Protein chains: 2
Amino acid sequence: MATIYDVSVLAGVSLATVSRVMNNNTKVSDKTKQKVLDAMASLGYKPNTIAQSLASNCSNSVGVLVSQLDGPFYGPMMTQIETSLRVENKHVIIAAGHSDEVQEKEGVDFLISRGCDALILDVEAVSDEYLITLSNGDTPIVLINRYIEAIKERCVYLENEQGGYMATDYMLSLGHKNIAYISGPMYKLDARDRLRGHQRALAEHNVLFDPELWFEGNFREFGGIDAMQHLLTLNKPISAVVCASDQMASGAISVCLEHGIRVPEDISFIGYDNIPFPTYISPKLNTISNPIHEMGKMAALWVLKEVYKDKKVSVESCFSPQLFIRGSACPPK
Amino acid sequence: MATIYDVSVLAGVSLATVSRVMNNNTKVSDKTKQKVLDAMASLGYKPNTIAQSLASNCSNSVGVLVSQLDGPFYGPMMTQIETSLRVENKHVIIAAGHSDEVQEKEGVDFLISRGCDALILDVEAVSDEYLITLSNGDTPIVLINRYIEAIKERCVYLENEQGGYMATDYMLSLGHKNIAYISGPMYKLDARDRLRGHQRALAEHNVLFDPELWFEGNFREFGGIDAMQHLLTLNKPISAVVCASDQMASGAISVCLEHGIRVPEDISFIGYDNIPFPTYISPKLNTISNPIHEMGKMAALWVLKEVYKDKKVSVESCFSPQLFIRGSACPPK
DNA sequence: CTGTTAGCGCGTTCAT
DNA sequence: ATGAACGCGCTAACAG
């Protein structure tokens with residue numbers, strides 16, 4: 001591999017001059033610049049990014065820690081992050097936290113030790129205090145999907161309570177009264193927020209929240225399956241089910257169909273997240289959008305602006321959910 | 001940040017000794033080692049990986065280029081790669097190729113310029129020749145999902161032809177004769193291989209391949225939707241549909257259900273890939289497994305063995321598909 | 001077993 | 001505008 005030294009010899013200039021044309025932050029006369037450029041081209045010179053990092057104390061890498069790399073969310077998010085960052089020649093290093101406090105912290109340490117210039121975190125097991133302390137460290141962080149008052153300028157999040165409200169409000173406006181709710185696990189903030197929204201909608205319509213009609217799921221398909229099986233054993237009238245995730249809604253619907261219960265004729269459904277898959281199956285799932293890809297992009301822009309001092313980007317941190325009406329709900333009989 | 005120098009001073013030894021205990025490849029007396037360890041601990045010393053990389057000419061990073069970061073495949077694959085590599089303290093840098101030749105090449109260049117020690121590639125737009133040439137370069141590469149004879153020891157792949165055969169053979173064994181086939185795009189090798197397997201199965205059962213019953217899809221849900229809508233306009237008897245991907249199968253099934261066609265009673269279906277989602281909906285999709293996560297893991301192990309000279313791993317490069325029977329097929333009426 | 005010394009490839013003062 | 005020299009933090013001979 002050709003180095004800056006080879007280029008300097010061929011161009012008949014000093015090392016420093018070559019470095020200058022590379023970073024073109026200092027004035028270099030046009031003709032020496034051209035000589036250097038020619039030399040670089042004829043040698044097929046590529047800068048050694050490792051050496052650049054060491055000398056400049058900037059690795060041009062940003063670490064991304066998500067709870068899981070698979071599933072319907074993180075893919076789109078990673079896509080946006082990678083795309084937004086690569087155009088600025090930054091690279092992304094990934095790590096998975098697996099929703100486990102120890103692993104999430106290990107992931108953070110790992111990424112920091114890797115010399116990342118910034119961290120984009122989608123974590124759920126670590127405490128607010130940990131994150132606040134972390135944000136005072138040397139490596140800047142942005143949080144996706146989490147709102148912490150003390151460091152709100154580093155948070156990119158969705159108004160989950162509002163989304164939960166919208167889902168249930170929609171069912172109520174259709175005329176439903178007997179509404180079951182399948183929530184996410186209560187240790188997750190977004191699950192709690194969505195549930196709160198659900199309860200607020202019920203209250204506003206003077207419908208009592210029946211704890212028996214609430215099942216704590218896990219956001220995954222089989223959580224929805226378990227939930228629906230349980231709800232069916234209750235022998236209570238249920239005309240609509242609001243699910244805190246599309247995955248749970250899909251699982252729950254499959255249980256109904258297998259029991260000969262028609263959707264939406266017998267029971268209406270609405271999910272949350274607006275993941276792609278359920279829009280292609282039958283019935284097409286109504287849902288509340290969770291613009292996870294937008295949030296990924298925004299987090300990347302935050303890094304570009306705050307860490308790499310890119311002037312032209314502007315960031316927006318709070319996202320509003322949106323209702324998508326398709327074919328999985330109708331008025332009660 | 002404390003450096004190796006600070007540690008050496010505090011421990012009263014030389015720089016080299018500190019370096020030795022870090023890499024513990026040379027013998028160091030137990031008590032000096034302990035002194036160094038204590039000094040490191042009390043300083044909270046963390047090695048600077050950038051400097052290590054520069055000095056050792058090894059970045060401990062491996063680049064992963066996939067066509068897309070989202071969708072049901074690459075998530076599980078990335079998970080395995082990340083997990084396998086992280087335990088060995090290697091980090092993964094990601095890039096997306098978007099199934100486009102230019103972008104795939106740019107991605108490769110990007111990762112190489114980032115000093116990756118090795119590349120794991122899941123590419124489909126670049127030519128075999130390009131990859132063969134690339135494999136002769138300085139950065140070792142492994143290919144996932146692609147078989148190239150000249151560099152087969154660098155390929156981790158699935159026997160797609162066999163899988164295609166199995167899917168159709170299964171339908172034939174159920175008694176189906178009027179079998180439609182929804183393929184992937186013909187410019188992709190795996191799509192062609194799966195189709196070949198389909199044709200071989202038909203031939204073995206003396207069933208003629210009817211080109212009219214073959215629709216070239218795109219592996220995605222809407223490809224299956226388009227395909228099924230087209231097949232239905234044919235007014236030909238069709239009792240079974242073999243799809244080259246679960247996503248297309250799901251799209252196709254949704255079209256049937258909307259037309260009041262029952263699955264599997266009226267038309268049987270089988271997909272390919274064994275992605276999670278369709279196992280949670282109704283009807284549960286029969287399919288051929290595509291162990292993409294296993295392949296990801298194997299690629300990571302290949303890198304560990306061939307690049308980082310890890311002795312204990314053994315790699316296997318050829319994967320066999322497997323038939324999964326669930327609820328989307330039955331004998332014809 | 002341990003210390004000395006030279007790089008790794010590049011950025012960045014200082015001079016000039 | 002350009003060059004010389006030093007330093008980033010660490011590894012790897014080479015001595016001893």
Side-chain angles (χ1 to χ4, degrees), chain A residues 1-40 43-61 89 112-117 138-139 308-309, chain B residues 1-40 43-61 89 112-117 138-139 308-309:
Chain A
M1 235 10 195
T3 75
I4 201 178
Y5 174 77
D6 303 320
V7 176
S8 75
V9 174
L10 210 171
V13 297
S14 73
L15 291 172
T17 302
V18 178
S19 176
R20 286 188 184 106
V21 344
M22 287 185 53
N23 304 303
N24 79 103
N25 40 18
T26 318
K27 287 261 100 13
V28 177
S29 79
D30 282 348
K31 60 168 169 284
T32 44
K33 172 185 274 186
Q34 196 52 51
K35 280 192 300 185
V36 172
L37 259 18
D38 290 344
M40 295 208 285
L43 285 172
Y45 169 78
K46 308 263 187 192
N48 179 322
T49 59
I50 306 278
Q52 287 181 315
S53 298
L54 183 61
S56 66
N57 194 32
C58 168
S59 69
N60 287 309
S61 69
N89 244 288
I112 290 179
S113 79
R114 250 38 216 189
C116 293
D117 297 330
D138 294 328
T139 309
Y308 296 116
K309 306 304 176 193
Chain B
M1 236 7 193
T3 74
I4 201 177
Y5 175 78
D6 303 320
V7 176
S8 75
V9 173
L10 210 172
V13 298
S14 73
L15 289 174
T17 302
V18 177
S19 176
R20 285 187 185 104
V21 343
M22 288 186 53
N23 305 304
N24 81 104
N25 40 17
T26 319
K27 288 259 91 37
V28 177
S29 81
D30 282 347
K31 60 168 169 282
T32 43
K33 173 184 273 185
Q34 196 52 51
K35 281 194 299 187
V36 173
L37 258 18
D38 291 344
M40 295 207 289
L43 286 172
Y45 169 77
K46 307 263 189 193
N48 179 322
T49 58
I50 305 278
Q52 287 179 316
S53 298
L54 183 60
S56 65
N57 194 30
C58 167
S59 69
N60 287 310
S61 69
N89 244 288
I112 290 180
S113 79
R114 251 38 217 188
C116 293
D117 297 330
D138 294 328
T139 308
Y308 295 117
K309 306 305 178 192

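Keep in mind that the numbers below use all heavy atoms, side chains included, and drop hydrogens, waters and symmetry copies. Predicted model, so just to flag it, every value in this text is computed and none were measured. Order of the sequence lines sets the chain letters (A, B, ...), proteins ahead of strands, with each chain counted from 1.
For the OP1/OP2 pair of dT2(D) and a distance below 4.0 Å, the side-chain nitrogens and oxygens of Ser29(A) include at least one atom meeting the criterion.
Side-chain N or O atoms of Ser56(A) include one that pairs as donor or acceptor with a backbone N or O of Gln52(A) at under 3.5 Å.
Atom pair Asn24(A):CG and dT2(D):P shows a separation of 14 Å (rounding to whole Å applied). Per the geometry, CG belonging to Asp30(A) stands 10 Å off P belonging to dA1(D), to the nearest Å.
Distance OG1/Thr49(A) to CG/Leu54(A): 11.5 Å, rounded to 0.5 Å.
Rounded to 10 degrees, the angle between the two end axes of the helix from dC1(C)-dG16(D) to dT16(C)-dA1(D) is 40°, with five pairs used at each end.
Nucleic acid contact for Thr32(B): sugar-phosphate only, since backbone atoms but no base atoms lie under 4.0 Å from a heavy atom of the residue.
Counting heavy atoms from C-beta on, the side chains of Leu43(B) and Leu10(B) come closer than 4.5 Å. Considering only heavy atoms from C-beta on, Ser61(A) stays 4.5 Å or farther from Arg114(A) through its side chain.
Counting all heavy atoms, side chain and backbone alike, Ser53(B) lies closest to Ser59(B) at OG-CA, 3.3 Å.
Surrounding CG of Asp30(B) are at most 12 heavy atoms belonging to other residues, nucleotides or ligands under 6.0 Å away. Counting non-hydrogen atoms of neighbouring residues, nucleotides and ligands closer than 6.0 angstrom, the CG atom of Asn57(A) reaches no more than 12 such neighbours.
Under 3.5 Å, the side chains of Tyr45(A) and Asp6(A) contain no donor-acceptor pair of N or O atoms.
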Worksheet item: Along nucleotides 7-12 of chain C, 5' to 3', which nucleotides get a B, which get an S, and which get a -, given that the test is a protein heavy-atom distance under 4.0 Å?
Response: BBBBBB
